[in-house]
Amino acid sequence: STVVLVFQAPVPKSPNQKDSSPEFSFCVKSGDRIRVGEALGR
Amino acid sequence: NTDSQGNPFLVPGATVATILMLGALHARRMYNDKKIEEARERGIELEFQPDAKAAFLRLLPLRSISRLWGTLTSVELPVWLRPHVYKGWARAFHANLEESALPLEQYASLQEFFVRTLKEGSRPIDPDPQCLVSPVDGTILRFGELKGVRPMIDQVKGFSYSVSSLLGASSFLPLIAEGNVHEESSEEEKAPTEKSKKTWWRISLASPKVQDPVSVSPMRGLFYCVIYLRPGDYHRVHSPVDWNVLTRRHFSGHLFPLNERATRTIRNLYVENERVVLEGRWQGGFMAIAAIGATNVGSIKLLIEPELRTNLPIRKLMHSEQPEERVYEPEGIGMMLKKGNEVAAFNMG
C-alpha cells in the first residue's frame with residue numbers, strides 16, 4: 001500500500017524577500033525508512 | 001512388492017522439487033531486489049518500462065483475487081499455530097514483533113495480526129509545533145514541491161500522474177487547472193461571498209512567488225510526499241498535523257500491486273488503484289492524504305467513518321449506496337484531528 005500527502009506550506013524565501021516569514025523544507029531523502037510521528041519536514 | 005506400493009520416492013521427490021523451486025524463486029526475487037537497491041544507492045533512477053506482465057495483470061480479476069486473499073487470511077488459526085505463522089511472516093517481511101501490543105497468541109488470524117496496534121509509546125510524535133510528521137511507517141519514495149497550473153507527481157522517471165486525478169475534482173485543483181487562482185484578500189475573507197464560502201479558500205499557485213500585497217500570510221507552495229508501506233510494516237495511518245478534515249472521497253478503481261516492479265511497469269498506478277482521499281485544511285493551508293490500496297492490501301478502514309467499505313465485490317460496487325464523496329459536518333469546519341491521532345488502517349484483502 002502507499003500513502004500520498006499533498007499539502008500547502010510556506011515556500012522558501014525569494015531572494016528579495018526581507019521579512020522572516022517561515023519557510024517549509026523537507027528533512028528526509030528518497031529511500032529513507034520513516035516511522036509514524038517522525039518529522040517529514042519543518 | 002515395489003510395484004504394489006507404487007514408487008516410494010514420488011511424493012518426497014515432488015515435495016523436495018517444489019521446495020527447491022520456491023527457494024530458487026525467492027532467491028531470484030531477493031537478488032532482483034538487491035540489484036534495485038544498489039541501483040538506487042548509485043542514484044540510478046529507475047525508468048518506466050511497461051511490459052507484457054503489466055499488460056497481463058490488467059486481464060486478471062484482481063479484485064476477486066484480493067477478496068479471496070482476504071478470506072484466506074481471516075481464517076481463525078489454532079492458538080498453538082499462531083506464533084509460528086506470525087514469526088514466519090515477520091521473518092519473510094522484516095516485521096518487528098517486539099512492538100506488537102498483544103502477545104502473538106491473541107491475534108486470531110493473519111488479518112488481525114496485519115492490522116495490529118503497537119505498544120504504547122512505540123511511535124513518539126515529534127513535539128515541534130512547526131513540523132509535519134509521517135502519517136505511516138514506510139519508505140520515502142518521492143517528495144518535493146509541485147509547480148505550474150497542472151501539478152504532476154513522478155511515478156518513476158519517464159512517467160508522471162496529475163495531482164488533480166489523484167485527489168479527484170478537489171475544490172481547489174480545478175482552480176489551478178484554469179489558472180485563475182489567487183490569494184484570498186483580507187477584504188474577501190472579512191466579507192466572504194457565496195463563491196469564496198463555497199470554495200472556502202483559494203490559493204496562488206499560478207505564480208506562487210507573488211505574495212498577495214494585502215494578506216499577511218506567507219507565500220505558499222504546494223508540496224507532496226509518497227510513502228510506500230511494505231507488507232511487514234505497521235499499517236495504521238495517523239494524522240501528520242493538527243488539521244480539519246472537510247471532505248472524504250472514495251475511488252473504487254482497480255487493485256494492481258503497488259510494489260517496486262509494478263511502479264515501474266504499470267501506467268497511472270496510483271490514479272487507477274482503489275483509494276480513499278481525505279482533504280482539509282491545516283495552519284499551512286490545504287492538506288490532503290490519499291491512502292492507496294493494492295491487491296494484497298485492498299481494504300482501507302477509516303476510524304472517522306467506520307461505515308465506509310472499500311474493496312467491495314464488483315456487483316456490490318455497482319449498487320453501493322455509500323457516497324463517493326462525503327462532506328464532514330459541520331460544513332467548512334469538518335472533523336478536527338490532532339497530530340498523531342489514528343485516522344485509518346490498511347487491511348488485507
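Numbers restart at 1 for each chain; the letters A, B, ... are given by sequence-line order, proteins then strands.
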* State plainly whether the residues B:Asp128 and B:Lys339 are in salt-bridge range, i.e. N to O under 4.0 Å. => no
* Asked: Where on B:Pro124 is there a heavy atom nearer than 4.5 Å to chain A: the side chain, the backbone, both, or neither?
  -> backbone
* chain A heavy atoms under 4.5 Å from B:Ile153: which part of the residue, side chain, backbone, both or neither? -> side chain
* **Sidechain N-carboxylate O distance under 4.0 Å for B:Lys119, B:Glu98** => no
* Tell me, side chain or backbone of B:Tyr228 under 4.5 Å from chain A's heavy atoms, or both, or neither? -> both
* Please flag which part of B:Leu278 lies under 4.5 Å from any non-hydrogen atom of chain A: side chain, backbone, both or neither. => neither
* Go through the atoms of B:Pro231 and report whether side chain, backbone, both or neither lie under 4.5 Å from a heavy atom of chain A. => neither
* Asked: So, B:Phe223 versus A:Phe24, ring centres under 6.0 angstrom or not?
  -> yes
* Asked: Would you call the rings of A:Phe26 and B:Phe143 parallel, tilted or perpendicular, where under 30° means parallel and over 60° means perpendicular?
  -> tilted
* Asked: What part of B:Asn296 is in contact with chain A, defined as an atom under 4.5 angstrom from a non-hydrogen atom: side chain, backbone, both or neither?
  -> neither
* Asked: Is there a donor-acceptor contact under 3.5 Å linking the side chains of B:Asn311 and B:Ser66?
  -> yes
* Asked: Are B:Asp137 and B:Arg230 ion-paired here, with the side-chain N under 4.0 Å from a carboxylate O?
  -> no
* Asked: Where on B:Ser122 is there a heavy atom nearer than 4.5 Å to chain A: the side chain, the backbone, both, or neither?
  -> backbone
* Structure fact -> Comparing A:Arg35, A:Arg42, A:Lys29 against chain B, the one with the most heavy-atom pairs below 4.5 Å turns out to be A:Arg35
* To do: Would you check if the side chain of A:Thr2 reaches a backbone N or O of B:Ile292 as a donor-acceptor pair within less than 3.5 Å?
  => no
* Quick one: what part of B:Trp282 sits under 4.5 Å from any heavy atom of chain A, side chain, backbone, both or neither? -> side chain
